[in-house]
K.L.:
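Below are the structure tokens for one structure; questions will follow.
Computation of the quantities below employed the complete heavy-atom set of this structure, encompassing side-chain atoms and omitting hydrogens, waters and symmetry-equivalent molecules. Here is how names work: the chains are called A, B, and so on, in the same order as the sequence lines, proteins then strands, and each is numbered from 1.
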Amino acid sequence: MHGRIKIKSTAQQEEEKRKEREKKLKIYVSARDTCFSKRKEGILDEEALQVTQQLLSSNPDFATLWNYRREILMHLETVKEKDEVQKIYEAELAFLESCLKLNPKSYGSWHHRCWVSARLPRPDWSRELSLCDRCLSLDDRNFHCWDYRRMVVKVSGVPVAQELGFTDRLIGSNFSNYSSWHYRSTLLPLLHPESPESPSPSHEPPQPSPSHSPQTQSHRVCEEQLLKEYELVQNAFFTDPNDQSAWFYYRWLLGRAEREEMISCVYVSRDEERVAVAFSRPVNAQSVSLLLVLDGQPQKVEWKSVHPRFKHSPVCICDLPPGTISDITNEHNLTVHWTEKYTHRDCALYTGRTESWCRDSATDQELFRSELSVEKTSVLQSELQSCNQLLELEPLNKWCLLTIVLLMRALDPLGYEKETLAHFQTLKEVDPMRSAYYSDLCSKFIIENTVLKMEYAEVRVFSITDKNLTTLCHLDQLLLVTHINLSSNQLQQLPPQFAMLQCLEVLEVDNNRIENLEGVYHLPKLEEVLLKNNKISALADLQPLASCPKLRRLDLRGNPVTQAANIESELTALLPSVTDLLL
Amino acid sequence: MAEEENQFEEFDQIDFLRDRHVRFFQRTLQVLPERYASLETTRLTIIFFALSGLDVLDALDVIEKNIMIEWIYSLQVLPTEDQSNLSRCGFRGSSHIGIPYSTKGPGVLHPYDSGHVAMTYTGLCSLLILGDDLSRVNKQACLAGLKALQLEDGSFYAVPEGSENDIRFIYCAASICYMLDDWSGIDIQKAIEYIRGSLSYDNGFGQGAGRESHGGWTYCAIASLCLMGRLEEALSQRELDRIRRWCIMRQQTGFHGRPNKPVDTCYSFWVGATLELLDVFQYTNFEKNRSFILSTQDRLVGGFAKWPDSHPDALHAYLGLCGLSLIGEPSLRKVHPALNITQRAFQHLQHLQQTWRGSAGSCSRQH
């Protein structure tokens, strides 16, 4: 099934082919029968080798036969002299070469060659490497061959520098060689590792994992080598800006830091006697190891997620026993311990205050920048300059535009906001196939910038209006928000994640396409919901609002549901706390 | 979606030749051409392509289901009297070893007879598609056979005597456990570690650690995690976003499996379904995808090929249909993106699982 092209043939050619096939069939069937009867009798001899050879030549994917051959070879090892065994295995390699010529993508053949190479008394690794070279020159994307080469390199101890040189040659002759760039990405961290002394923020010893990919975030390349690599990659994408190989590699080079795992916010409210905890990554409320200590006393509380359909969430909540913190004349000290990560966060609730919190802002955490923040600003600046130069020559190149957007967001998301939005517009025009994806990405960046602006202004109001927002994200950053305005966008739903907005008092989401309000669920402080001109069509869609005890004002004008019979009385029954209902 | 309907109005000029495809699969189930000989040992997978293809086309009435069911059961490697071969149980690919035909136990011991993880997977799927209740599947034996295939690093062999080991067989194993509603056959934690270790620098998945990203292996990774119910635990939001980016860049007209490779019909499913599981399939361009898939349609014999002007084959015929189903082609049944069977067959499975749980009382369902 490997892409057989249609070739027309004459009737005579067809007849000749048919006769040929008949002959082959007879031979195949008799060989197969001989083979199995021999095996049944437990015969492991050279005739068996010959017979299996015949069969495997026409069908290299008959795995059982390779297994049988391995049994025969292992048996021969025990009864023959070392030199004879060497000859037998070399013959095996020759046979395998002919199989691979016929079908260079057969799993069975490559697997067997691996096995043979490992057992050969005197292996000739340079011969194996040259086989790989020949195979790759015919098809440089044959991953079976690349995988085999990696094994040979590992077992025979070919120096990493030599292999890096090999990729230099391949890339030098053809920048489009994606497999070579990939191979390079695995070699580079081995040859030029960043210092292994960087302390692990969670104080855990680094876990060596045999199956771990060598290019993962913990394996960085030292700076000196990185600068050389940038030059190599820039050569590549300046030569052919439309080839994605170099761009993907470049993005990896620019580096990615993983944030340390921590509690990013603890919020406590006297009115509901509730504690909300935000984490740097989603956790499972039922299994996360949290300890709440109040005024020096560990508390027995039940942690839960903000919505039953959202189990793996960055925000968890728990309710304190009634009366614990309700007296406003008392001061309390809370500590939340995330025991498995050896980290904690304190929060003091002062006399006279109804609520309190302690958090690292998104700005502090370099939340939206840390994609590339490992690199020095100076390096990123110079990379941005190079890419902008290329953009002057190739203004419609999408890879260039995307990379520039990435660099700008790493350097100064707010400062470059205007350019970023302009580049997104261009991206949608030059790569229209993915314009919906770019819209989604752009929505995300707009949300990120709004979070940053909100923090800068030190307010708890979040507003994005008339920006074609199609989707919501980073809702865990909005835990403290009291007023949110998302009017005049393209939103279709407020998903379960929306329930992370535990402090929300006013929700304005007029002029969208909202059909689903699942996430407006058990929001304890929510008083006003403005939903004018949306697509709420059934009473059932409004069910989640019944879980918000303080809801008093609801604007449903311009929604299909207002046309339903008896809607006013049904709503009064569903939402008894609402005194101000607009239909 | 309103946008989809408009696209189909304009592009219906490329006809979808449903009846040809039905006949293509019918012929596949009767006799295979000579060039499929090398696939004899994996014949059950071809049966699966044909059966599931007919299911997607809503044309299962053209075959005799009971005969098929019996034949599939004859491929089950059952425990022997003394149960000494449990670690070799499962389904075999065809009768090529020469075991005498039998749909009942006890099993016959044969030094080279064993289940193959991909055959067990496609065998179970095929039985479900045919409406069977899996009552003759020896579940404990299958799971024991599965357990014997997992290595220390979390990946799986295909057969107990050993073979290559990689992420494809993790997917088969996860599907088997999901269908049998029993995860005792797989060490999930280790499998997740192997999958995570296969995530490459460019945010696609390779067959294993350090290997090149590929649309097929990315499907295996994501679909496995979804079946295990661990997608968002195993991968951070950031990683998921990056994976989405790598996948969405695979669309050229149709989809290719790796950068700088030509587009190939089957990736409309492998990458398309991955994007669907990651909730961003709606951002792809449906009309270009459809045009490409239909350009590989064989107007004479039916089926789809890998590329235009090539011979169609069962795999590309089936996955081409699945690709069209994902974009909402009107005459096709919807496909479950992680399990790769129709939603109809999936509902049959759910119904079966409910009756199992009802009678058993307890369940070890992973969610």
K.L.:
Just how far is it from atom CG of B/N203 to atom CH2 of A/W252, taken to the nearest 0.5 Å?
P.N.:
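Here the rounded value is 12.0 Å.
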K.L.:
How long is the span from the CD atom in B/E164 to the NE2 atom in A/H144, to the nearest 0.5 Å?
P.N.:
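B/E164 atom CD to A/H144 atom NE2 measures 8.5 Å (nearest 0.5 Å).
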K.L.:
Out of curiosity, B/I248 CD1 to A/M433 CE, how far, rounded to the nearest 0.5 Å?
P.N.:
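Result: 10.5 Å between the selected atoms.
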K.L.:
So, do A/S179 and B/R258 sit near enough that their side-chain heavy atoms are less than 4.5 Å apart?
P.N.:
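Sidechains of B/R258 and A/S179: in contact.
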K.L.:
Which bit of B/S114 is near chain A, if near means a heavy-atom gap under 4.5 Å: side chain, backbone, both or neither?
P.N.:
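Answer is neither: B/S114 stays 4.5 Å or more from chain A.
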K.L.:
Could you look at A/L441 and say if it's the side chain, the backbone, both or neither that has a heavy atom under 4.5 Å from chain B?
P.N.:
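For A/L441, no heavy atom lies under 4.5 Å from chain B.
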K.L.:
Under a 4.5 Å heavy-atom cut-off, does chain A meet the side chain of B/A305, its backbone, both or neither?
P.N.:
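For B/A305, neither part sits under 4.5 Å from chain A.
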K.L.:
Please name all residues satisfying salt bridge (charged side-chain N to carboxylate O under 4.0 Å, His left out) with B/D264, sequence neighbours left out, ordered by chain then number.
P.N.:
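Expected list: B/K306.
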K.L.:
Considering only heavy atoms, which portion of A/K444 lies under 4.5 Å from any heavy atom of chain B: side chain, backbone, both, or neither?
P.N.:
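For A/K444, the contact with chain B is made by the side chain alone.
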K.L.:
Among B/G93, B/S163, B/P111, B/G206, single out the residue with the greatest number of heavy-atom pairs under 4.5 Å to chain A.
P.N.:
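Looking at each of B/G93, B/S163, B/P111, B/G206 in turn, B/S163 comes out on top.
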K.L.:
Check for a donor-acceptor pair, side chain of A/R150 on one end and backbone N or O of B/R211 on the other, with a separation under 3.5 Å.
P.N.:
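Side chain of A/R150 to backbone of B/R211: no pair is present.
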K.L.:
Rounded at 0.5 Å granularity, tell me how far CD in B/E161 sits from OH in A/Y68.
P.N.:
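One gets 14.5 Å once the value is rounded to the nearest 0.5 Å.
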K.L.:
Highest number of heavy-atom pairs under 4.5 Å with chain B: which of A/Y438, A/Y249, A/W146?
P.N.:
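That would be A/Y249.
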K.L.:
Quick one: CD on B/Q251 to OH on A/Y437, what's the gap to the nearest 0.5 Å?
P.N.:
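So the gap between those two atoms works out to 13.0 Å.
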K.L.:
Against chain B, label A/W181 side chain, backbone, both or neither, depending on which of its atoms sit under 4.5 Å from a heavy atom there.
P.N.:
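Both backbone and side chain.
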K.L.:
Just wondering, are more than 12 heavy atoms of other shown residues or ligands nearer than 6.0 Å to NZ in A/K398?
P.N.:
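Yes.
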K.L.:
If I measure from the heavy atoms of chain A, does B/Q207 come under 4.5 Å with its side chain, its backbone, both, or neither?
P.N.:
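The side chain, not the backbone.
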K.L.:
I want to check something: taking the side chain as every heavy atom from C-beta on, are A/P282 and B/E232 in contact at a cut-off of under 4.5 Å?
P.N.:
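The answer is no; the side chains never approach within 4.5 Å.
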K.L.:
Less than 4.5 Å to any heavy atom of chain A: does that hold for the side chain of B/T41, its backbone, both, or neither?
P.N.:
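For B/T41, the contact with chain A is made by the side chain alone.
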K.L.:
Who among B/K288, B/E152, B/R250 has the most heavy-atom pairs with chain A under 4.5 Å?
P.N.:
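Looking at each of B/K288, B/E152, B/R250 in turn, B/R250 comes out on top.
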K.L.:
Where does A/N67 contact chain B at under 4.5 Å (heavy atoms): side chain, backbone, both or neither?
P.N.:
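Interface part for A/N67: both.
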K.L.:
To the nearest 0.5 angstrom, please state how far the CD atom of B/E34 sits from the CZ atom of A/R18.
P.N.:
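B/E34 CD to A/R18 CZ: 12.5 Å, rounded to 0.5 Å.
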K.L.:
If you define the side chain from C-beta out and look only at heavy atoms, does anything of A/Y178 sit under 4.5 Å from B/K261?
P.N.:
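No, every pair of side-chain atoms sits at 4.5 Å or beyond.
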K.L.:
Give the minimum heavy-atom separation between B/G210 and A/H182, together with the two atoms involved.
P.N.:
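Taking B/G210 first and A/H182 second, the nearest heavy atoms are O-NE2, 2.8 Å.
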K.L.:
Flag the one option from A/Y107, A/W110, A/F143, A/Y183 with the top tally of heavy-atom pairs under 4.5 Å to chain B.
P.N.:
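Option with the top pair count is A/Y107.
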K.L.:
Is there side-chain contact between B/M249 and A/W399, with at least one heavy-atom pair below 4.5 Å?
P.N.:
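Counting from C-beta outward, B/M249 and A/W399 do come under 4.5 Å.
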K.L.:
Below 4.5 Å from any heavy atom of chain B, which atoms of A/N284 appear? Answer side chain, backbone, both or neither.
P.N.:
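Contact with chain B: side chain only.
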K.L.:
Examine the side chains of B/Y112 and A/E71 and answer whether a donor and an acceptor come within less than 3.5 Å of each other.
P.N.:
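There is such a pair (donor and acceptor under 3.5 Å, judged by atom type) between the side chains of B/Y112 and A/E71.
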K.L.:
Sort B/H116 into side chain, backbone, both or neither according to what part of it lies under 4.5 angstrom from a heavy atom of chain A.
P.N.:
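Interface part for B/H116: neither.
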K.L.:
Who among B/R244, B/Q237, B/Q252, B/E40 has the most heavy-atom pairs with chain A under 4.5 Å?
P.N.:
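Result: the option with the highest number of such pairs is B/Q252.
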K.L.:
Tell me, out of A/R70, A/H112, A/R141, who's got the most heavy-atom pairs with chain B below 4.5 Å.
P.N.:
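So the answer, after comparing A/R70, A/H112, A/R141, is A/R141.
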